Enquirer: 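First the structure, then my questions, so here it is.
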Amino acid sequence: MAQCVQLVQEFIQDSFVPMVAVLCSEDAERVTRKNNLSFPELLRPFCRLTSEGHLRDPNNQVVVVKGLRISVTGINTRPPQSPELHRLLSQAVSVCQPPEGSPANVITAGDYDLNISDRTVKASVPWYSDWKETLTQLSSSKYYTATTPWFETYRENFLQSMPASEHEFLNHYLACMLVVSSREAVPTEQFLKLSQEQHQIQHSGEYTHPKWFIPNTLKYYVLLHDISEGDEQRADSVYEDMKQRYGTQGCYLLKINSRSGSTGADEQMPDPWSQYLHKTSIHNPELYEESAVSNAVENNIGAEEDGLDPSIKDGVSETHPLQLDHPTDAGYPGNDASQSVNNVDETRPQKQASGTSHTSPTPRGTCLTLNDHDHIRQFIQEFTFRGLLPHIEKNIRQLNDQLVSRKGLSRSLFSATKKLFGGGKVPEKSIAELKNTAGLLYPSEAPELQIRKMADLCFLVQHYELAYNCYHTAKKDFLSDQAMLYAAGALEMAAVAAFLQSGAPRPYPAHYMDTAIQTYRDVCKNMLLAERCCLLSAEILKSQAKFSDAATLLIKMTSEDSDLRSALLLEQAAHCFINMRSPMMRKFAFHMILAGHRFSKAGQKRHALRCYSQALQVYKGKGWTLAEDHINFTIGRQSFTLRQPENAVAAFRHILINDSKQSAVQQAAFLREYLYVYKSMSQLSGDGSLPQLPLPCLHSSQTRVFFGHERRLAEGEKQAATHVTLEQEFDRDLSQLWRELEERVVSVANRGTVPITFQPSQCCLNSQTDNLRYPLAIVEEPIIVEVVFRNPLKVPLALSALSLLWKFTLKDFSNPQGGATGETISNEKETTALNDIIDTQVIPEFTISPEETKVARLKLLPHKTGELHVLGVVYNLGTGEVGNSEGSLAEDLMCVRGQQNLEIQGPRLNMTKEEKTSVRYGPDRRLDPIITPPMPLLEVFFINFPTGLLCGEIRKAWVEFVNVSAVPLTGLRVGSTHPEFFTFGSATSDLTPVTPTAAEHCSAYKTVAMPPSVATVSLVSPAAFGVTSGDQLVVTEIPLSRGVLGPGEALQIPLWLRGPDQEGVHEINFLFNYESTEKTAKLSHRVLRHTAFICASRSLSVRATASRSNTLHGRERETEEQQEAEEKNGSMLVFVDVENINTSEAGVREFHIVQVSSSSRQWRLHKCINPVGDKDSKLASRERGKLCFKATRCRTEEATSDAAEKYTFADLNLGNEQIVSSTTPCADFFFRRGLHSEARRGGMSAGGASQMQRKSLTPQSWTDDGGTSIVKKCSEVELDIIVLWKAYVVEDNKQLILEGQLHVALQTIGKESCSLSQKEETQEMVLLKFKPDVPPPVSKPSLEQLSHLIKTCLHYPESYDHPFPQKSLCTVPVTLTLSNCSSAQVDVIVDLRHKTTSPESLEVHGSFSWLGQTQYKLQLQAQEVYKLFLKACFFQAGVYNLGTPRVFAKLAQTSAMCETSQQSAMPALIIINSI
C-alpha cells in the first residue's frame, strides 16, 4: 500500500472514537452561525485532547488515555441513504488530487524510477522525462515512497459515514451535549426541553436512528455566552444555578465571540476549520465538474433495496479491463448524442451556477479570538476528563459486575437464563443453515451483548487487553449460537485489539480478520463491514511489511458492486507490489491498469488518467506493443475528456508512430480518434503555426533533390540526351567517373588548369552525394524534391493539398559585391500569393496504401534569385477509406492539416582528432539551394544514332544542339570516356552532304575512282585531327557559327561512329560542357550528360606479320643510284591474314576486303603481291584470306625536317574505288585508336603520341639502357595497317552495305600482331612485402635482338662455267654487302672459315675455299652499307652453298659486350659447270 500520513495505531484509534451528540437551541445555533459554523463544526478542530486522561479499570488499575479524540456531531434522526453516502465518497475522492505544481515524487523500485504523485499526465508519459532530474534532486533522501491522499480521504470519510449497526456499539452515542444560549429568557427551561427531546429520541421507539450506547446516556449541559452581545453577569448567575442543579461535572459555561465580525476585519486570524471542513463543504469547481457526473454511473451497495434501478451500472461493466474502451462521449465520431452519459458539457450549467459562491472561500471564525480558541479547547478537555471518562469508567464497572456475578453459574443454567430473559431472540440454527443466520438478533439486555458492550467501551478508552479478553469471550458465545454477524464483528475487533496491545503480548491474528471478512462478504452480504475490515487489516499487514498478504487481501475485496472502491483497493494493491523487498513491477503496472479502468467506470477521469500514466512507465519500450497501445489510447481518450488536447494528441501520436501490431480495424479506429482529437485541438488553438503530424512516416535522409527541367523524350528518329533523371539509381563509381570527366573538360577549357573554385555539377542530390556545399539552382528552372513516405499502418492514408514548405531570402547576385539581401519570406501561411516569387506545386490527392512506401515529387519554380531553404512538407491528412456519400462528408470532417519537417543529418565527421574522438556531424545542404541568375540551357538530340554495330564498323550520324533558354551559349565542348568511338571530323574535312536525309545512302568515306596500282601516298599531320595531347583527344571542341548559339537556335553537325573492337555491350558516356556569354561568379559552366549503349558484333579478325626482304633488284631494271637508295632504305614483306569470325547474328552474308592502307612515319606499303588482279577479296562465314604486300621505307625527300612529325598514308585498293584514308573519318579513327585504355588510365599520351615522344639518343648519351633501345630499334617496325571492308547484310528483305575499318599495329619484325587485343590474364594475388624489393638488374638486349644489327647479302652469278681440264682452280668474285640496321656505330667481324666439318654437309654442298684473308674487322657507321669483295675458289664442278661467312657484330661504344652472331641469310647456292 501507499505510505500514509498517520501511523497505523493513530489511524485505528481515530477510526473508533467516542461519539457525542449535540442538541442546540435556536439562540445557541444563532450565536455560532455568526462564525459561519454550526456548534459541532465549531468544536471539531479542538476535539483531540492534548493531555493524557486517566481512569481505573474494574481491577482498580490506572489506564492512561493518550491522544484521545472525540467525535461531536449533531443528531440526525433520518437514516443515511446509500446513494447519498456514495455520492459524498465519490465527491471526496474527486476533489482530492495531487497538488498542481508540487515537486514530483519519484521512487526507485527495482530497475525503474517511477513518478507516482504528479498530477499532470506529462510527468509520466514517455515523451516527458523531467522526472529524471527530480530523481537526482531527491537522491539525498534515504526512503521515498508514494502517498495517495485521495485514498486516505476516502477511507476517513468512509469510516466516519459508517451507519450504526445492532451487532456493535463503537459508533453509538455515549453522551449528548445540550447547548443553550445565555440570552434565553429562562435557560433552565430550555435545558429541560432539550433533555426531554433527547430522551424521546432515545427511548420512545419512534426513531431507529441514531443509536445510543447505553440507556443512561450522559447529558452535559452547556451554556453558550456571546461576549459581544450578552450580559456576562447574568450568564455567570445562570451558570451558578446550573452547577447547583446539574453538578459541577455536568455543566459548563462557554464564552465565545469576543469580537464583532466588523471590528478588526483586516486582522488575519488562523482558520483551523478549513482542513476539516473543505472536504465536504468547499469544492474546487473545476474538479467538482467531473465528480458531479460520476454519481450517475457509480454502482451502489444494495441498489435494489435502496430503490435504484440495478441496470444503472457502468455500461461497460461486463467488458474486460484491458479491452479498448468504445467511445461514450457525444463528441466522438460514430456515436449518437444520446450515448453521452459522461459528457462534461452537461455539468457546465452547474459549474456556472456554483461559480459565484465558490470563487472566494467563506471566512470562518471571524468573531473568535485566540482566547476564544483556548476557551473551546478547555471546554472539550473539561467535558472529556470530568464528564465523559468518569461516565465510561462507571459503565465499565457496572458491566463488569454484571458479568462477574454470572460467572459462577453453569453453562447450561446460563443458557437457560438467556432463554428465559431473552424473549425476542431467534432460536438457534443448525450449521447446515449457516447462510441464514446473518439475521439473528439479540435483545439489548442479552449477556453476550453486554460483553460486547464492555469490550467496545474498553476499546474506546485504549484498554486493549481487557477489550481483547471480552471480544474473545463474546466471539466464542456468538459462534456457539451461530450468530455469524456478531461473531464476525467480535473477530474483527479482537484482531485489532490484539494488534494494539502495548508490548505485543500476542501476535496479530490475521486469520481472525480473514474469517471476519469472509463472513461479512459471503454470509452476511454486508460489503460495508467487509470493506472496513479489509482496510484495517491491510493497514496492519502493511505496517508489518507483509505486502504480499496485504495485496492479496485488497484484490479479494474488489467486486462489481462498487467501481470506486475496487479502483482504490486495486491501486493500493499495486503499491504493495512495488514496496516489496523485490519489487514486482509488472504486477504493479497491471493492477494500476485495472485500477484506472475501474476509476474510469466510476467517473473519476483524472484518477484514471493518472493510473494509466503511471503504468505506462513500466510498459513503455518493452515490446509489449498491444498493452502500450491500449494505455496510450486510454490516456488520449481521458485527456481529451478532461480538456487536455495537447496530451491527448501526444498519446494518440505515440500509437500511430510505432510499428503497430493491431488489426486493420483497430488501427482505423485509432486513426479516426487521433484525427478528431487533433482537429478539436487545432480549432481551440486557432491560427498559428501548423503542428507536426505523425503520419505518414517521412524518411528525410532518403530525400532527393533534382535541379532542372525534365528531358524531352525521343521524337521519331531523334533521340534526346539521357542526362540525369530521378529514375536513375545512384552509382558512386559512375559519379566519380563523371566528376573526373568534367574536371578534364574544365581543365581543357581553362588552358590545362582546374580552377580553385571548381564545383562539380550535381543535378540530383541524395544521401550518397557530397552535400557539404550549397547547391546551385537556376532561376526560372524547376527544383524537384522527391520525398519518401511510408505508411506504417494497415489502413490506407489519404493526403491532399500536398506541397513543400519553404523559406526564401531575396538576394541580387548581379552586383559584384554580393548583392543586397532582401527580406525573408515563407509560405507557411500564404501560399498562392507568393507564386510570383516561387511557384509551389500542390498535389491535390496522394493516397498511400497500407504499409506502402511511396514517393512524392514536389516541384518549385523560382522566379527570383536568392537563398532558398526547403523546410518540410505540408498537407491534409485523412483516412483513405472509401465509403458512401455520407461517409465522404465524414471524411471531410476527419481531415486535418499539418506539416512534417525535413531534417537531414549530415555525414559523420572523421578528419581531425577531435572529430574522431567525439560524435560530430557535418551539414547537409541539399535542401538549401542558392538561386542564381539565368544561364543557357542546352538540349542535344542524336539523329540516326545506332544501337548495334559490327566491330570496326563506320556509321555516320547527326547531332542537333538546341539552346532552349533565353541566354546565348558559347564554349561548347564534348568529353567522353570512349573518344575512339566517335569523331566530329577534322577542320579540313569535306562535310558534304550537309543533311541527314541527303546522306542516307552515301558512303561514310571519301572515295576516288582509281584502278589498282602502286600505293597512293599522302602526308598528314596529326595536329590537323586534333592530336596534340591526350586531353585534347578526350575533349573535343564543337564549332559554332560566330562561336555563339543564340536563344532558340539549333545546330546540326555530322558525327561518325566506329564500332568498338571488342564484342559485347559497351557503355559510352558523353559530357557536353558549355558556358554563358556573361560570366557569373556563382556558376561558371553547365554540363549535359548522355550515356549510349552500343552492342558490338563480331566482324573480321586481322593478323599481320612483317618479314625482312633479302632480295636484290636486277641491275638491268634500275640505275646504280636507285639501287643504292633502295638498298639503303630497305624493304620488307607484310603478310596480312583476314578471317571472317562473324556468326551471322546480324544477317551478314559476306565481307569484302576493298582496301588495305598503311600509316607510319618510316614505312609505307608499296604494292600488292598477292592477290593479283583488280578484284577484292570475298570472305564468307568462317573463311580466311591471306594477303601479301611489299613495304618500303619512306623516301628521304618525303621525310624533311618540317614533316618529321607527319604520317605517311599509303592506300592500296583492291577494287576500282579508292578510299582516301588520310581524310575524315578514316584518319580520325586511326589517330583515336587505343584511346579507350589510355583515357581510362588517365594517361596523357594517346594514339601516335607514344611514337612521337620517343627521344633520339645521341652517341654522347649512350648508356646501357641507350644501347638496349638502339638494339631494339633494329628489329622494331612502326607500321600501322588499316584494313577497310564492306559487309553485305540482309535486313527486312533488303540488302544493306556496311563499311568499316580495322587497325593492326606492326611493332616487331617476325612478331605477329592482331586487331583483337588478347584478354589480359587475371592478375594473381600479390603478397604483402615488408622489405624493399631488390632493384631490378639493368636490362640487356637479348641475343635475338642483337642478331638483327647487321643485315647481310651475297651478290654472285647463279651459274659459272669453267674449263677444269685446262685450269684446275676456278675463282668466282663474290660481293658481301653489310648493312648497319641501327642508328649507331657497329663493330663487325666477318669470319670466312668453315665452321661445318661434318662429312654429310660436305657431300651435299661440296667443299670450296675463300681466297685472301679469312677474317675482316670493320666499323660501320649508322645506317651505312658496306661492300666486301671476296673470291671463292672451287676445285671441281658442282652445286655449292656460298652462305658460309659468319658475321659477328656489337655496338662500338659497349666494350663489355661480346660480338653476337648475326642471322645468316638463306642458303646461297651457285652452280659450277665444267666445260
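For this chain, numbers begin at 1 and follow the sequence in order. This is a predicted model, so every value here is computed, not measured. No hydrogens, no waters, no symmetry mates; every other heavy atom, side chains included, goes into these values.
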Enquirer: Can you check whether His86's main-chain N or O pairs, donor with acceptor, with Ser90's side chain at less than 3.5 Å?
Expert: no
Enquirer: Run the side chain to side chain contact (heavy atoms under 4.5 Å, CB included) check on Leu675 and Leu671 step by step: do they pass?
Expert: CA-CA 6 Å; Leu675 293 177; Leu671 182 58; 4.1 Å; yes
Enquirer: If every non-hydrogen atom of Leu804 is compared with every non-hydrogen atom of Val870, which pair is closest and at what distance?
Expert: CD2-CG1, 4.1 Å
Enquirer: Do Thr840 and Ser803 have side-chain atoms, one donor and one acceptor, less than 3.5 Å apart?
Expert: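 There is no such pair (donor and acceptor under 3.5 Å, judged by atom type) between the side chains of Thr840 and Ser803.
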Enquirer: Looking at Lys859 and Glu786, is there a salt bridge between them, counting it only when a charged N and a carboxylate O are closer than 4.0 Å?
Expert: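 Result for this pair is no, no salt bridge flagged.
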Enquirer: Is there a side chain to side chain contact (heavy atoms under 4.5 Å, CB included) between Asn632 and Phe652? Walk through the geometry before answering.
Expert: CA-CA 6 Å; Asn632 278 303; Phe652 282 118; over 6 Å; no
Enquirer: Could you give the distance from CG (Leu871) to CD (Glu828), rounded to the nearest 0.5 Å?
Expert: 8.0 Å
Enquirer: Looking at Lys620 and Glu628, is there a salt bridge between them, counting it only when a charged N and a carboxylate O are closer than 4.0 Å?
Expert: no
Enquirer: Do Thr703 side-chain atoms and Ser700 backbone N/O form a donor-acceptor pair below 3.5 Å?
Expert: yes
Enquirer: Taking all non-hydrogen atoms of both residues into account, name the closest pair between Asp839 and His863 and its distance.
Expert: CB-NE2, 3.7 Å
Enquirer: What about Phe670 and Phe633, are their ring centers closer than 6.0 Å?
Expert: yes
Enquirer: Please give me the minimum heavy-atom distance between Gln768 and Phe730, naming the atom from each residue.
Expert: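 Heavy-atom minimum between the residues: CB-CE2, 3.4 Å.
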Enquirer: Would you say the side-chain atoms of Gln900 and Tyr875 include a donor-acceptor pair closer than 3.5 Å?
Expert: yes
Enquirer: Within the side chain of Lys854, is there an N or O that forms a donor-acceptor pair under 3.5 Å with the backbone of Thr847?
Expert: yes
Enquirer: Please check if the side chain of His591 supplies one atom and the backbone of Lys587 the other of a donor-acceptor pair under 3.5 Å.
Expert: yes
Enquirer: Take Asn876 and Val896 through the test side chain to side chain contact (heavy atoms under 4.5 Å, CB included) and record every step on the way to the result.
Expert: CA-CA 5 Å; Asn876 297 327; Val896 298; over 6 Å; no
Enquirer: If you look at every heavy atom in Gly596 and Ala608, which pair is closest and at what distance?
Expert: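 For Gly596 versus Ala608, the nearest heavy atoms are O-CB, 3.3 Å.
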Enquirer: If only side-chain N and O atoms count, and only distance matters, is there a donor-acceptor pair under 3.5 Å linking Thr148 with Gln572?
Expert: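 Yes.
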Enquirer: Once side chain to side chain donor-acceptor pair (under 3.5 Å) is applied, do any residues pair with Thr625, and if so which ones, sequence neighbours excluded?
Expert: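 Testing Thr625 for side chain to side chain donor-acceptor pair (under 3.5 Å), a comparison that skips the adjacent residues, returns none.
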Enquirer: Determine the minimum heavy-atom distance between Met592 and Ala615, stating which atoms define it.
Expert: CB-CB, 4.0 Å
Enquirer: Would you please name every residue forming a ring pair (Phe, Tyr, Trp, His ring centres under 6.0 Å) with Tyr674, sequence neighbours left out?
Expert: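 Expected list: Tyr678.
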Enquirer: Is Arg565 salt-bridged to Glu560, going by a charged N under 4.0 Å from an acidic O?
Expert: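 Salt bridge between Arg565 and Glu560, a charged N being under 4.0 Å from a carboxylate O: no.
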Enquirer: State, without any angle test, whether Gln702 and Ser767 hold a side-chain donor-acceptor pair at a distance under 3.5 Å.
Expert: no
Enquirer: Looking only at the aromatic ring of each residue, does the gap between the centers of His869 and Trp806 stay below 6.0 angstrom?
Expert: no
Enquirer: Minimum heavy-atom separation for Ala651 and Ile635, please, with both atom names.
Expert: CB-CG2, 3.9 Å
Enquirer: Would you compute the distance between atom CG of Leu569 and atom CG of Leu594 and round it to the nearest 0.5 angstrom?
Expert: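 Between atom CG of Leu569 and atom CG of Leu594 there are 12.5 Å.
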Enquirer: Val873 and Leu805: side chain to side chain contact (heavy atoms under 4.5 Å, CB included), yes or no, with the steps?
Expert: CA-CA 5 Å; Val873 290; Leu805 195 63; over 6 Å; no
Enquirer: Using 0.5 Å steps for rounding, measure from the CG atom of Leu877 to the NZ atom of Lys679.
Expert: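 It is 11.5 Å, given to the nearest 0.5 Å.
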Enquirer: Do Phe707 and Pro929 have side-chain heavy atoms sitting under 4.5 Å apart?
Expert: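 Result yes, sub-4.5 Å side-chain heavy-atom pair found.
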Enquirer: Would you find more than 12 non-hydrogen atoms of other residues, nucleotides or ligands less than 6.0 Å from Glu727 atom CD?
Expert: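 Enclosed: over 12 neighbouring heavy atoms sit under 6.0 Å from CD of Glu727.
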Enquirer: If only atom types and distance count, is the side chain of His607 paired as donor or acceptor with the main-chain N or O of Trp150 below 3.5 Å?
Expert: no
Enquirer: Extract all donor-acceptor atom pairs below 3.5 Å that involve side chains of residues 789-796 and protein atoms in other chains or at least two apart in sequence.
Expert:
unit_1	atom_1	unit_2	atom_2	d
Asn791	OD1	Leu793	N	3.0
Asn791	ND2	Val795	O	2.8
Asn791	ND2	Ser849	O	3.1
Lys794	NZ	Gln662	O	3.0

Enquirer: Could you tell me whether the side chain of Asp924 and the main chain of Arg926 form a donor-acceptor pair under 3.5 Å?
Expert: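 Present.
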Enquirer: About how many Å separate CD1 of Ile838 and CD1 of Ile783, when rounded to the nearest 0.5 Å?
Expert: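 Separation between the atoms: 7.0 Å.
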Enquirer: Are Glu646 and Arg653 within salt-bridge range, i.e. N to O under 4.0 Å?
Expert: no
Enquirer: State whether Phe599 and Lys605 meet the cation-pi test: NZ (Lys) or CZ (Arg) under 6.0 Å from the six-membered ring centroid, and within 45° of the perpendicular axis.
Expert: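 Ring-cation test returns no.
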Enquirer: Look only at the side chain of Asn771 and the backbone of Asn766, and say whether a donor-acceptor pair between them is shorter than 3.5 Å.
Expert: yes
Enquirer: How many angstroms lie between OG1 in Thr879 and CG in Leu695, if you round to the nearest 0.5 Å?
Expert: 11.5 Å
Enquirer: Applying the ring pair (Phe, Tyr, Trp, His ring centres under 6.0 Å) test to His630, which of Tyr612, Tyr619, Trp624, Phe590 qualifies?
Expert: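 Exactly one option meets the ring pair (Phe, Tyr, Trp, His ring centres under 6.0 Å) with His630, and it is Tyr612.
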Enquirer: Roughly how far, to the nearest 0.5 Å, is the CZ atom of Arg925 from the CD1 atom of Ile904?
Expert: 12.0 Å
